[in-house]
Number of protein chains: 2
Amino acid sequence: MTQPARKPSRIQIENRQRIRDAALGLFATHGFRGTTLDQIAGACGMHKPNLIYYYDSKEAIHIDLLNTLMTEWLSPLDAMDPEGDPLEEILEYIRKKMEMSRLYPRESRLFANEIVQGAPRMLPHLERTLKPLFDQQCKILEDWMAAGKLARMHPAHLIFSIWAVTQHYADFEAQIAVLLPGQDRFADGADQFVETMFRKLLTP
Amino acid sequence: MTQPARKPSRIQIENRQRIRDAALGLFATHGFRGTTLDQIAGACGMHKPNLIYYYDSKEAIHIDLLNTLMTEWLSPLDAMDPEGDPLEEILEYIRKKMEMSRLYPRESRLFANEIVQGAPRMLPHLERTLKPLFDQQCKILEDWMAAGKLARMHPAHLIFSIWAVTQHYADFEAQIAVLLPGQDRFADGADQFVETMFRKLLTP
DNA sequence: CACAGATTTTACCAATTGGTAAAGTTACGA
DNA sequence: TCGTAACTTTACCAATTGGTAAAATCTGTG
């Protein structure tokens, strides 16, 4: 499966990174089929066959991106502490998600693309990795609500709404840019709005 | 621009509709470049050159879909009445948006695809059609807040959050299906959660 | 029915695209 | 510094794809 085998050389590490970086932006905006190997090659100053030297196929690049995405993407959710202050734990999670939309919009859009298209290459990942984590966090939320520390609501839909609102700023950036022109979409009040919104929702 | 010219015959009307219906589903899930004319032809039981008989090009089909989408998509937003009860007007808008996610997920995903990819064919539409309507609705919201009928908040971000949460159920359906398996994603409590969420947020 | 125009089908084409073969070049340890 | 393995480049290919030409067929109307 992996191609040149054993110890990746310095050049291999660097060039694979260059390829991933170029491919990430292209896949995120044009989708998998909308991106050509020539585009990726051009974006990272390499020749097409050189890509295939580092990755078996175009699909292999995509899969590699989705794999690394999956782990890094979920880390903030994993960090919620059942022993911490419920409201602050959730608000901190929301802050991290907003920061990710600001710093890594390409990753957010890559994920959005994959899910909108029915998650053809991610369904197993979602089942094996996301689902258990999701269930676990739902349980934590339920316990907090049962203890009266949070307003009662459907925990799954709460998580969905957090994902929806925070990722919207990355995924629908083009639309927001039209509707709030000239403004910094984040500095402008998005963070404050989102924090206020969920604080109001969650306070018992 | 338009091809066969004057009065569209019965057959033309029917077949264009068949083409649009097939293309909508395919564009929504595979994106523009990820969809082939052969796929569209196969999905509506026609031959490829027959599509070109009714539409000048693949792009013409896509543009036609986006045009009709744009008008139908915005109609619920347009229906908000400045004279009505603020909370009920907004909640009714939210209900309509949830219903649209339930009834027309393909349209929602087509729109999402287009925006995630930077709205290459919709930017003018967004500027000319959506922006004025958006500004007008923001003004209405501001007036309601100034009159103390709604909690004070940034009206633009309020609208974004409504769009984000309601469209999430259509656009991320594949993810939700994994996380809430076997359940009807809408009947299960999405509507109730969303209504409660925004009622709590908006109540002064 | 007859027939003109509308519609459908078959055969085809040029460009693009993912990928390969193999020759050339570079980096690096002995 | 020399040789070999790692890396890069050039040329190429088969399949796919958007689209065309034109023959075949169908439809509605006088």
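Quick note: numbers below take in every heavy atom, side chains included, and nothing from hydrogens, waters or symmetry partners. So that the names make sense, note that chain A is the first sequence line, chain B the second, and so on, each numbered from 1.
Taking the six-membered ring where tryptophan is involved, the planes of A:F160 and A:F134 are essentially parallel, since the angle between them stays under 30° and well short of 60°.
Of the two residues contacting DNA chain C, namely B:P49 and A:T35, the nearest-nucleotide position lying further toward the 5' end is that of B:P49. Each of B:K48 and B:R10 was matched to the nucleotide of DNA chain C holding its nearest heavy atom; the match closer to the 5' end belongs to B:R10. The residue among B:S57 and B:I11 whose nearest nucleotide of DNA chain D lies closer to the 5′ end is B:S57.
A close approach under 4.0 Å does not occur between any side-chain nitrogen or oxygen of B:Q12 and OP1 or OP2 of C:dA6. Applying the 4.0 Å criterion to OP1 and OP2 of D:dT17, one finds that A:R33 has a side-chain N or O inside that range. Checking the phosphate oxygens (OP1, OP2) of D:dT10, no side-chain nitrogen or oxygen of A:N50 falls inside 4.0 Å. Using a 4.0 Å cut-off, some side-chain N or O of B:N15 falls inside it from OP1 or OP2 of C:dT8. Distances shorter than 4.0 Å separate some side-chain N or O of B:Y54 from OP1 or OP2 on C:dT8.
To the nearest angstrom, C1' of D:dC13 lies 15 Å from CD1 of A:I52. Rounded to whole Å, the distance from CD1 on A:I61 to P on C:dT17 is 15 Å.
In this structure, B:R106 does not pair ionically with B:E173, as no charged nitrogen and carboxylate oxygen lie closer than 4.0 Å.
Between A:Y53 and A:H47, a ring centre-to-centre spacing not shorter than 6.0 Å is recorded. Remark: aromatic rings of A:F32 and A:H62 are close, center separation under 6.0 Å.
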